[in-house]
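Just below is one structure, and these are the notes that go with it.
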Amino acid sequence: MADIEFVQNEHGDSYVITIQNPDGTSADITTYTAAKLNLVTKDLSTNLFSATLGISSPTVTWTMTEAQTQNLDGSYVAQVVLTKTGNQKTTKLLSVKAHKKLPSS
């Protein structure tokens with residue numbers, strides 16, 4: 001099971017991701033002013049998109065848009081990047097699975 005799963009062309013749903021410290025406790029990310037989700041191919045060679053995230057410590061929220069999900073089908077890797085003045089924090093890699101959408105009948 002992937003950390004994030006959705007169906008191709010799905011949009012409008014929100015995924016809430018809890019940012020954790022290395023010991024598994026919730027991280028305090030209140031001082032971070034921006035967050036983004038980078039989605040790349042499984043081999044890490046191609047950046048597919050970067051999405052702006054909402055921040056509400058200790059979580060970030062990705063609200064999917066149709067443009068982000070319309071051509072996805074398969075397994076991918078994502079990473080959250082948090083930014084504040086003079087500092088950038090990256091999280092562990094997240095597994096992402098996009099399922100093919102069946103044609104309408």
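None of these values were measured; they are calculated from a predicted model.
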Cluster link V7 to W62, ILVMFWY, side chain under 4.5 Å: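 No, separate clusters.
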Do M64 and Y76 land in one hydrophobic cluster if side-chain heavy atoms of ILVMFWY residues count as linked below 4.5 Å? yes
Which value, rounded to the nearest 0.5 Å, describes the distance between [X] atom [atom1] and [Y] atom [atom2]?
X	Y	atom1	atom2	result
F49	K36	CZ	NZ	12.5 Å
N38	L48	CG	CG	10.5 Å
T59	Q20	OG1	CD	11.5 Å
T83	K89	OG1	NZ	12.0 Å
I55	L82	CD1	CG	6.0 Å
L37	Q68	CG	CD	8.0 Å

Consider only side-chain N and O atoms of T31 and K84, and report whether a donor and an acceptor are under 3.5 Å apart. yes
In terms of side-chain heavy atoms, does T63 have a donor or acceptor partner in S14 at a distance below 3.5 Å? yes
List the atom of [X], the atom of [Y], and the distance in Å for their closest heavy-atom pair.
X	Y	result
D3	L94	OD2-CA, 3.3 Å
H11	E66	CB-N, 3.2 Å
A27	S57	O-OG, 3.6 Å
V96	A78	CG2-CB, 3.7 Å
Q79	T91	NE2-O, 2.6 Å

Are the side chain of T69 and the backbone of E10 linked by a donor-acceptor contact shorter than 3.5 Å? yes
Donor-acceptor pair, side chain of D23 and main chain of T25, under 3.5 angstrom: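 Looks like yes, one N/O pair under 3.5 Å.
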Side chains of [X] and [Y]: does their closest heavy-atom pair fall under 4.5 Å?
X	Y	value
D73	H99	no
V77	L44	yes
S26	T18	yes
V80	K92	no
I4	F6	yes

Going through the distances and angles, do V60 and I19 end up as a side chain to side chain contact (heavy atoms under 4.5 Å, CB included)? CA-CA 7 Å; V60 293; I19 307 301; 4.1 Å; yes
Near K42 NZ, under 6.0 Å, is it more than 12 heavy atoms from other residues, nucleotides or ligands? no
Walk me through whether Q8 and L72 qualify under side chain to side chain contact (heavy atoms under 4.5 Å, CB included). CA-CA 6 Å; Q8 183 182 53; L72 300 180; 5.5 Å; no
T46/V40 under side chain to side chain contact (heavy atoms under 4.5 Å, CB included): CA gap, chis, key distance, verdict: CA-CA 5 Å; T46 305; V40 299; over 6 Å; no
